[in-house]
Amino acid sequence: MMYTEFDDLLEEDRREPNHPGGGFYPVHLRAEIDAFNEWVYNKISNGVYKTGFATTQEAYEENVYPLFQALDLVVARLSQQPHLPYLFGEHITDAD
């Protein structure tokens with residue numbers, strides 16, 4: 001919402017769709033960004049909490065390995081074309 005709801009208050013050239021790559025939440029990448037953000041939320045954000053607040057060693061181990069596997073996947077994605085230098089290419093997006 002923040003990327004588009006107030007665009008009408010800006011000069012045309014400063015509006016979100018006119019930023020490089022279509023802005024932080026470009027229409028052509030929205031489905032991919034949404035899917036990636038959901039994956040990050042489930043695997044990384046929640047993984048940090050599940051690991052950090054684990055009350056048993058078993059719960060810790062159950063969550064720490066998937067968390068680091070997910071972090072490794074993000075690092076791998078950021079080190080390969082066409083995901084350079086950002087998650088979805090040459091322009092920063094909401095997912096970054």
Side-chain angles (χ1 to χ4, degrees):
M1 176 186 107
M2 294 300 290
Y3 301 126
T4 57
E5 285 302 307
F6 303 102
D7 267 5
D8 61 328
L9 301 174
L10 298 172
E11 296 173 22
E12 183 71 30
D13 64 323
R14 300 196 51 127
R15 294 180 182 177
E16 182 68 14
N18 297 324
H19 290 163
F24 288 113
Y25 195 53
V27 174
H28 69 282
L29 291 175
R30 286 184 182 177
E32 290 179 72
I33 289 171
D34 290 345
F36 187 81
N37 285 345
E38 183 176 340
W39 178 83
V40 166
Y41 176 79
N42 289 318
K43 297 291 184 181
I44 297 176
S45 299
N46 277 346
V48 168
Y49 285 106
K50 290 176 183 178
T51 302
F53 292 112
T55 57
T56 66
Q57 185 65 30
E58 293 80 22
Y60 174 83
E61 290 176 7
E62 181 180 316
N63 293 291
V64 73
Y65 296 111
L67 168 61
F68 277 89
Q69 287 173 339
L71 291 170
D72 287 344
L73 288 173
V74 171
V75 170
R77 180 182 178 109
L78 286 168
S79 65
Q80 299 171 8
Q81 288 290 355
H83 309 289
L84 292 172
Y86 301 105
L87 289 166
F88 288 93
E90 64 182 69
H91 301 288
I92 193 167
T93 65
D94 175 84
D96 296 287

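Model, not experiment: these values are computed from the prediction. Keep in mind that the numbers below use all heavy atoms, side chains included, and drop hydrogens, waters and symmetry copies. The chain is numbered in sequence order, starting from 1.
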Inset, instruction - Applying side chain to side chain contact (heavy atoms under 4.5 Å, CB included), run through Tyr25 and Asp34 and close with a yes or a no. - result: CA-CA 9 Å; Tyr25 195 53; Asp34 290 345; 2.7 Å; yes
Legend entry - Close side-chain approach of Val74 and Trp39, heavy atoms under 4.5 Å: yes
Legend entry - Heavy atoms of other groups near Glu61 CD, more than 12 under 6.0 Å: yes
Legend entry - Closest non-hydrogen atom pair, Ile33 against Pro26: CD1-CD, 4.0 Å
Inset, instruction - Give me the other members of the hydrophobic cluster that Tyr49 sits in, counting Ile, Leu, Val, Met, Phe, Trp and Tyr linked by side-chain heavy atoms under 4.5 Å, directly or via other members. - result: Phe53
Inset, instruction - Report yes if the side chains of Leu78 and Leu84 come closer than 4.5 Å at any heavy-atom pair, otherwise no. - result: no
Inset, instruction - Taking all heavy atoms of Gly21 and all of His91, pick out the closest pair and write down the distance. - result: CA-CD2, 3.4 Å
Inset, instruction - Write down the atom of Ala70, the atom of Ile44, and the distance for their closest heavy-atom approach. - result: CB-CG1, 3.7 Å
Legend entry - Within-4.5 Å side-chain heavy-atom neighbours: Phe24 and Thr93: no
Inset, instruction - Find out if a path of hydrophobic residues (ILVMFWY) with successive side-chain heavy-atom gaps under 4.5 Å connects Leu87 to Tyr41. - result: no
Inset, instruction - Taking all heavy atoms of His28 and all of Glu32, pick out the closest pair and write down the distance. - result: O-OE2, 4.4 Å
Legend entry - Greater than 12 external heavy atoms within 6.0 Å of Gln80's CD: yes
Inset, instruction - Ignoring hydrogens and angles, tell me if any N or O in the side chain of Thr51 forms a donor-acceptor pair with the backbone of Val48 under 3.5 Å. - result: no
